[in-house]
Amino acid sequence: MKLFENKAEYQAFKRKYEMMGQLEEERLRKVAEDPKALQGFLAFMDDVRAWNFEPEATAKQLDDELSTDIERQKLLVRYPLNDDDED
């Protein structure tokens with residue numbers, strides 16, 4: 001099965017495909033800077049995680065997240081942020 005008649009046709013398609021990829025990356029960067037879009041995405045991820053496909057895997061994931069939160073809090077208590085240090 002031949003997709004392109006010649007090399008020039010393929011090169012034109014390749015340029016358009018790469019340009020579309022660049023435009024999509026730019027769009028995603030703009031969306032990532034929008035707090036509402038990020039909040040919507042995180043809410044979507046919470047909804048997906050709430051689906052109980054594998055209860056054992058979900059329980060393990062929640063345990064891992066809890067452990068990570070505990071470790072982060074321990075670290076933050078150990079090394080408090082000081083705004084005075086920035087000067």
Side-chain angles (χ1 to χ4, degrees):
M1 181 167 107
K2 198 172 188 181
L3 295 177
F4 301 101
E5 292 297 321
N6 56 41
K7 190 173 182 176
E9 186 180 337
Y10 168 73
Q11 292 294 336
F13 169 79
K14 184 179 174 185
R15 281 192 299 275
K16 287 180 183 177
Y17 186 80
E18 289 172 348
M19 185 174 66
M20 293 289 288
Q22 291 172 353
L23 291 172
E24 179 63 11
E25 285 181 24
E26 185 178 321
R27 184 190 71 80
L28 289 173
R29 274 192 221 103
K30 287 181 182 177
V31 169
E33 294 173 358
D34 181 17
K36 288 184 181 181
L38 183 58
Q39 186 178 17
F41 175 73
L42 293 175
F44 167 75
M45 292 303 296
D46 287 341
D47 290 344
V48 169
R49 191 177 61 185
W51 296 340
N52 205 0
F53 293 115
E54 296 180 30
E56 294 149 5
T58 302
K60 183 177 180 342
Q61 179 184 359
L62 292 174
D63 287 345
D64 288 346
E65 288 177 7
L66 180 59
S67 298
T68 302
D69 287 345
I70 291 170
E71 290 299 318
R72 182 179 336 141
Q73 288 302 321
K74 286 180 182 177
L75 185 64
L76 291 175
V77 167
R78 229 178 191 178
Y79 302 103
L81 297 175
N82 291 332
D83 292 335
D84 298 337
D85 293 341
E86 293 178 5
D87 294 325

dist Thr68:OG1 -> Asp63:CG (nearest 0.5 Å) comes out at 10.5 Å
Distance col, row Leu66:CG vs Glu71:CD, nearest 0.5 angstrom, shows 10.5 Å
Rounding to 0.5 Å, atoms CG (Asp69) and CG (Asp64) come to a distance of 11.0 Å
Please determine whether residues Leu38 and Val48 belong to a single hydrophobic cluster, defined as Ile, Leu, Val, Met, Phe, Trp and Tyr linked transitively by side-chain heavy-atom distances below 4.5 Å. yes
**Item:** Side chain proximity check, Arg78 to Lys74, heavy atoms < 4.5 angstrom
**Value:** no
In this structure, NZ of Lys60 is separated from CD of Glu54 (nearest 0.5 Å) by 12.5 Å
Donor-acceptor pairs under 3.5 Å, side chain of residues 9-24 to any protein atom, not counting sequence neighbours: which ones?
residue: Glu9; atom: OE1; partner: Glu5; partner atom: N; Å: 3.1
residue: Glu24; atom: OE1; partner: Arg27; partner atom: NE; Å: 3.1
residue: Glu24; atom: OE2; partner: Arg27; partner atom: NH2; Å: 2.7

May I ask you to say whether Glu33 pairs ionically with Arg29, meaning some side-chain N is under 4.0 Å from a carboxylate O? no
